[in-house]
Number of protein chains: 2
Amino acid sequence: MSDRSHETLRLAVDLVILTVRKRTFRVLLIARGNEPFQGRLALPGGFLRTGESIEAAAARELEEETGLKGDELPLQQIGTYGDPDRDPRGRVVSVTYLAIAPNLPTPVAGSDAADARWRPVAPLLEKPGQLAFDHDRILADAVEEARRRLEYTTLATRFCADTFTIGELRDVYELVWGMRLDPRNFNRKVTKADGFLVQTDAKRAHETGRPAALYRRGPAEKLHPAMLRNGSEE
Amino acid sequence: MSDRSHETLRLAVDLVILTVRKRTFRVLLIARGNEPFQGRLALPGGFLRTGESIEAAAARELEEETGLKGDELPLQQIGTYGDPDRDPRGRVVSVTYLAIAPNLPTPVAGSDAADARWRPVAPLLEKPGQLAFDHDRILADAVEEARRRLEYTTLATRFCADTFTIGELRDVYELVWGMRLDPRNFNRKVTKADGFLVQTDAKRAHETGRPAALYRRGPAEKLHPAMLRNGSEE
DNA sequence: ACAAAAGTGTTGACTGTACACCCATGT
DNA sequence: ACATGGGTGTACAGTCAACACTTTTGT
């Protein structure tokens with residue numbers, strides 16, 4: 001009964017990299033170049049190397065897929081998935097990380113042969129079964145975690161460029177949560193929250209309308225008071 | 001450069017089992033019987049078996065340590081720890097689970113040779129370095145997670161027996177959070193929260209004072225409205 | 001002038017906290 | 001009677017959603 005692991009177990013790292021692009025909530029997916037699940041969409045990821053910490057593996061994969069270093073884009077561990085039959089090649093346990101990306105200048109500089117693209121999240125959640133392995137479930141868990149973190153942390157500013165308007169920040173909340181928010185009350189809430197935003201002197205004009213003040217990400221990590229989502233759903 | 005895992009990697013499961021006993025917030029720890037860290041305190045845990053899912057391994061360890069089946073005591077995955085040097089025996093990656101136990105009738109029926117006991121949490125957090133491996137850090141993360149979950153979920157009732165008084169439930173909050181709460185307002189908050197508690201007909205008398213109504217755990221998992229901890233600290 | 005987006009003021013409903021007070025029991 | 005913990009009433013302060021209204025730009 002005392003069954004020491006004679007099977008080879010491999011540890012993988014998978015990344016759920018979320019962004020807001022073209023007014024749509026998106027996730028970075030690759031098209032798999034090899035079996036299993038050849039041609040299917042999957043989360044970027046890879047195997048742990050000898051002597052490498054799990055965080056380092058996640059940061060390395062992130063850089064390979066997006067060109068971003070881990071210290072530019074914080075990674076958060078969100079869960080570990082290890083059902084015995086989740087990978088037909090053998091026993092693979094996957095530690096998953098969540099990263100939130102701003103609208104990146106380069107579309108994606110994938111070092112992998114397979115092309116990597118930003119795909120809208122909504123249809124993937126509505127119709128599961130499109131992704132390889134158990135990545136449907138991983139994606140759903142990660143999105144739920146991201147939605148929760150918008151409430152209690154200053155994560156939302158990670159979706160934005162270095163400076164941004166409150167309207168752009170509101171777009172993040174509306175697109176990730178999938179609901180409309182009152183622009184006036186939203187404005188007050190985020191400007192009042194301690195350390196969330198730092199105002200700059202600059203302003204940005206649009207085609208029409210009053211120019212918006214530009215803000216920078218503040219020092220706070222936790223959001224006080226929290227932004228709760230009980231408003232009118234879309 | 002492409003370094004396939006030639007090293008043997010083993011996957012372990014560690015459990016942070018928390019309870020409230022003798023008016024103290026406690027964690028189940030074993031004294032290690034073997035090297036490394038022989039004689040030191042450690043979280044209960046063990047290695048994954050061939051073909052076993054991670055959840056199943058956690059449930060099995062729980063039953064071995066406490067005699068409780070996994071469906072009696074829900075387990076929540078809280079993180080995975082895999083620094084290359086965290087275990088001197090080699091590369092061991094540990095998936096950790098949090099369980100919340102009521103004041104168990106049997107002290108502990110450990111199947112392991114090493115004795116298992118409920119130790120107060122507070123001194124372990126104040127003076128780290130008492131636990132084997134990186135279990136200090138795991139414990140700290142798990143306790144913080146448990147404290148957060150008391151705010152947003154109905155987890156607190158898991159610390160209680162089948163029926164319990166509101167005073168006992170308040171003890172849980174006060175001991176886990178380490179702060180005093182107003183008994184009168186606490187009473188109203190928890191009885192108003194949807195699906196948190198179900199009143200029974202029975203009452204329980206103490207040595208002195210008015211007998212308290214007995215309640216049972218309600219069907220809700222999430223707590224609405226949340227119990228936020230901003231009250232007067234102890 | 002008008003449209004459009006940013007931002008402010010105000011109001012009424014609700015929520016949380018503090019604390020006075022009453023209830024039911026053992027000694 | 002009195003101590004002790006359970007439980008209710010209430011008032012004040014703060015918060016939030018709703019929405020009227022003002023500001024600042026481009027056309």
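Chain naming here is simple, since letters A, B, ... match the order of the sequence lines and numbering starts at 1 in each.
Atom CG of A:Asp194 is surrounded by 12 or fewer heavy atoms from other residues, nucleotides or ligands within 6.0 Å.
With B:Arg216 as the partner, the side-chain hydrogen bond (donor to acceptor under 3.5 Å, both in side chains) test is satisfied by one option alone out of B:Asp162, B:Thr163, B:Thr200: B:Asp162. Of the listed residues (B:Leu29, B:Leu131, B:Thr96), just one forms a side chain to side chain contact (heavy atoms under 4.5 Å, CB included) with B:Leu139, and that residue is B:Leu131.
Taking atom CZ of residue B:Phe186 and atom P of nucleotide C:dA18, one finds them 16 Å apart after rounding to whole Å. Between A:His224 atom NE2 and D:dG14 atom P the separation is 19 Å, expressed in whole Å. Counting to the nearest Å, the P atom of C:dG7 and the CZ atom of A:Arg188 are 12 Å from each other. In this structure, the CD atom of A:Glu151 is 13 Å from the P atom of D:dC16, given to the nearest Å. If you measure from atom CG of A:Asp194 to atom P of D:dT15, you get 12 Å, rounded to the nearest angstrom. The distance between atom CD of A:Glu207 and atom P of C:dA4, rounded to the nearest whole Å, is 11 Å. Atom-to-atom, NZ of A:Lys203 to C1' of C:dA6 comes out at 9 Å; the value is rounded to the nearest Å. The nearest whole Å value for the distance from the CG atom in B:Leu214 to the P atom in D:dG5 is 17 Å.
Ranking C:dA3, C:dA6, C:dT17 by closeness to the A:Arg210 side chain, first place goes to C:dA6. The side chain of B:Asn187 has D:dT8 as its nearest neighbour among D:dT8, C:dT17, D:dC19. Checking C:dG7, C:dA6, C:dC19 against the side-chain heavy atoms of A:His206 singles out C:dA6 as nearest. Comparing D:dA17, D:dT8, D:dG7 by their nearest atom to the side chain of B:Ala213 picks out D:dG7. Out of D:dT24, D:dT8, D:dA18, the shortest distance to the side chain of A:Asn185 is found at D:dA18.
Using a 4.0 Å heavy-atom cutoff across all strands shown, A:Arg170 reaches sugar-phosphate atoms only and no base atom. Nucleic acid contact for A:Ala212: sugar-phosphate only, since backbone atoms but no base atoms lie under 4.0 Å from a heavy atom of the residue.
Using a cut-off of 4.0 Å between Lys/Arg side-chain N and Asp/Glu carboxylate O, B:Glu151 and B:Arg148 are scored as not salt-bridged. Using a cutoff of 4.0 Å between basic side-chain nitrogens and carboxylate oxygens, A:Arg147 and A:Glu174 are not scored as salt-bridged.
Positionally, the nearest nucleotide of DNA chain D for A:Arg184 lies more toward the 5' end than for the other of A:Gly209 and A:Arg184. With DNA chain C read from its 5' end, the first of the two nearest nucleotides for B:Asp182 and B:Ala226 is the one closest to B:Ala226.
Taking side-chain N and O atoms only, B:Lys189 has no distance below 4.0 Å to OP1 or OP2 of C:dT15. For A:Lys192 and D:dT15, the shortest distance from a side-chain N or O to OP1 or OP2 is not below 4.0 Å.
In the interface, the side chain of B:Arg180 is not paired with the base of C:dT17 through any donor and acceptor atom under 3.5 Å apart.
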